[in-house]
Amino acid sequence: MTRTELIKKLPKAELHLHIEGTFEPELMFEIARRNRIVTRFSTIADIKKAYNFHNLQSFLDIYYEGANVLLHERDFYDLTMAYLIRCKEDNVVHTEIFFDPQTHTDRGVTFETIFKGIHGALKDAEKELCITSHMIMCFLRHLSEEDAFKTLKDSLPFKKDILAVGLDSSEVGHPPAKFQRVFEAAMKEGYLTVAHAGEEGPPAYIWEALDLLKIKRIDHGVRALEDEKLMDRIISDKIPLTVCPLSNLKLCVFKKLSDHNLKKLLQRGVKVTINSDDPAYFGGYANQNYLETAEALDLSEDELKTLAVNSFEASFLDDKIKLEWIKKVQSC
Ligand code: HPA
Ligand code: ZN
């Protein structure tokens, strides 16, 4: 079996995926047209030309601009369903998706509209495509603590269907400590916690996310290798890292994919997973991330299987279901 065949065959969980980051230009145009919104782009080629990033912020500016055309429950449904159909093609059988309520509520879209659109598609995909899922609500870290508290309050009527809270957007200058009290309040409401840390920010932000926000997984976390004490903690506490190689490449966290530290992390015994982050912007969904990384770092069959096993172990699935998927990975 070739590497490509193995990657296609492996069942996988995706644990780091922003639903707004799956917005393909074709669908963006269609939704803009039906909502009668004029954008500054006149062709799909124009949009793609703008996808040339030099750091996280240069991407975020365009990502928030694209999301502006999402207004109605149906828009959020269509966005989510399009992603789930891609999951089916890549044999992603379980996905834990991030959504950014503040990107939309700040434009007057209600929390209920966003939630119902995304959740409706996830439930339909469970029945029609056999893909299971969880929802993770992210706070935008460039906004205030007060705004995050308001978002937490907005979410409470829907909390039985939202498993965790997360932290995303511009990392540097917005340390996890800024959100310690909101995360404490979220945990009291029964939410699990995750956070982006150590993508562009220093290892100190990863320590804060672990110690102050009590996170169960680190999103990105690739800068952990700069701090040996932190590595010891991550390895001994088995804290998973949701790594996104093509994202790291496009946002210039690493110059070349062959410079990526994923293999080093894996060999040190870190529970690393591979994810697509914002696939419509970064050039590929789950399998493309597995494939290009495998080629660039010369990952072995065993390493690819470990990555797929890790994706289930690091997920928030029940233990029994995790084990069933892990057995299927091992028999590939
Ligand atoms: N980092 C921080 N915020 C984000 C990202 C990311 O990779 N993608 C979407 N929002
Ligand atoms: Zn992300």
Side-chain angles (χ1 to χ4, degrees), residues 13-24 28 50-51 53-68 70 76 79-80 83 92 95-106 114 118 134-143 147-148 151 164-176 178-179 193-202 205-206 208-209 213 215-224 240-254 260 262 272-286 289 293 311 314:
E14 177 144 77
L15 308 178
H16 186 150
L17 182 284
H18 302 261
I19 199 63
E20 293 89 350
T22 68
F23 208 1
E24 292 288 350
M28 203 181 282
Y51 292 179
F53 314 117
H54 51 276
N55 60 16
L56 175 58
Q57 193 59 51
S58 63
F59 153 70
L60 288 170
D61 293 341
I62 288 213
Y63 161 87
Y64 293 130
E65 188 180 343
N68 280 340
L70 298 164
F76 290 93
L79 172 72
T80 309
Y83 162 65
V92 170
T95 181
E96 302 188 351
I97 68 167
F98 299 130
F99 68 113
D100 288 344
Q102 289 155 295
T103 301
H104 316 296
T105 52
D106 280 5
I114 306 160
I118 299 172
H134 287 308
M135 291 177 76
I136 303 175
M137 172 178 82
C138 283
F139 301 116
L140 299 183
R141 66 203 304 160
H142 68 278
L143 299 179
D147 284 349
T151 305
V165 296
L167 191 61
D168 66 0
S169 191
S170 323
E171 187 182 7
V172 174
H174 302 284
K178 178 175 164 186
F179 296 95
T193 64
V194 298
H196 284 55
E199 176 186 17
E200 286 186 344
Y205 284 21
I206 303 178
E208 280 187 16
L213 307 187
I215 58 166
K216 300 274 182 279
R217 292 198 295 249
I218 302 163
D219 296 317
H220 291 298
V222 289
R223 290 195 59 191
L241 260 55
T242 64
V243 174
C244 308
L246 289 180
S247 163
N248 292 154
L249 180 67
K250 290 292 187 312
L251 301 187
C252 308
V253 173
F254 297 94
H260 202 289
L262 177 136
V272 188
T273 65
I274 284 191
N275 308 272
S276 68
D277 206 4
D278 301 282
Y281 294 87
F282 299 150
Y285 287 78
N289 273 272
T293 311
S311 77

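Computed from heavy atoms alone, side chains included, the values below leave out hydrogens, waters and symmetry copies. Counting starts at 1 for both ligands and their atoms, in listed order. Here the structure is a predicted model, which is why all the values come from computation and not from measurement.
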Practice item. Please state whether the separation between the Zn ion (ligand 2) and some N/O/S atom of Cys244 is under 2.8 Å? Key: no

Practice item. Could you tell me whether the side chain of Val243 reaches within less than 4.5 Å of the side chain of His260, counting heavy atoms only? Key: yes

Review point. Which atoms of ligand 1 are found less than 4.0 Å from any heavy atom of Phe59?
Key: 8 (N), 9 (C)

Check your understanding: How are the rings of Tyr64 and His142 set to each other: parallel, tilted or perpendicular (split at 30° and 60°)?
Key -> tilted

Review point. His196 and His18: aromatic ring centres closer than 6.0 Å?
Key: yes

Review point. Is any side-chain heavy atom of Leu60 less than 4.5 Å from a side-chain heavy atom of Ser170?
Key: yes

Review point. Taking side chain as C-beta onward, heavy atoms only, is Ile118 less than 4.5 Å from Met135?
Key: yes

Point to revise | Test item, Phe98 contacting ligand 1 (heavy atom, 4.0 angstrom) | key: no

**Study point:** His220 N/O to ligand 1 N/O under 3.5 Å
**Key:** yes

**Study point:** Subset of ligand 1 atoms that lie under 4.0 Å from at least one heavy atom of Asp278
**Key:** 5 (C), 8 (N), 9 (C)

Revision key, fill the gap. With rounding to 10 degrees, His18 NE2, the Zn ion (ligand 2) and His196 NE2 define an angle of 90°

Point to revise | Heavy-atom side-chain contact between His220 and Asn248 under 4.5 Å | key: yes

Review point. Taking the non-hydrogen atoms of Leu60, is any one of them nearer than 4.0 angstrom to ligand 1?
Key: yes

Check your understanding: Is the distance between the ring centroids of Phe59 and His54 under 6.0 Å?
Key -> no

Practice item. With heavy atoms under 4.0 Å as the rule, classify the contact between Leu56 and ligand 1 as side chain, backbone, both or neither. Key: side chain

**Study point:** Heavy atom of the protein closest to atom 7 (O) of ligand 1 (residue, atom name, distance)
**Key:** Asp277 OD2, 2.8 Å

Check your understanding: Hey, does Ile19 have a side-chain heavy atom less than 4.5 Å from the side chain of Leu79?
Key -> yes

Check your understanding: For ligand 1, is there an N or O atom under 3.5 Å from any N or O atom of Asp100?
Key -> no

Review point. Can you tell which of Ser247, Gly201, Ser169 gets a heavy atom nearest to atom 3 (N) of ligand 1?
Key: Ser169

Revision key, fill the gap. Quick look: Glu199 vs ligand 1, heavy-atom contacts under 4.0 Å, and the answer is side chain

Exercise for review: Check whether any N, O or S atom of Asp278 sits under 2.8 Å from the Zn ion (ligand 2).
Suggested key: no

Practice item. For the pair Glu96 and Arg217, find out whether any cationic side-chain nitrogen is under 4.0 Å from an anionic carboxylate oxygen. Key: yes

Check your understanding: Should Leu70 and His104 count as side-chain neighbours, where that means a heavy-atom distance under 4.5 Å?
Key -> yes

Review point. So what does the Asp277 OD1 - the Zn ion (ligand 2) - His16 NE2 angle come to, to 10°?
Key: 80°

Review point. Any N/O of His18 closer than 3.5 Å to an N/O of ligand 1?
Key: yes

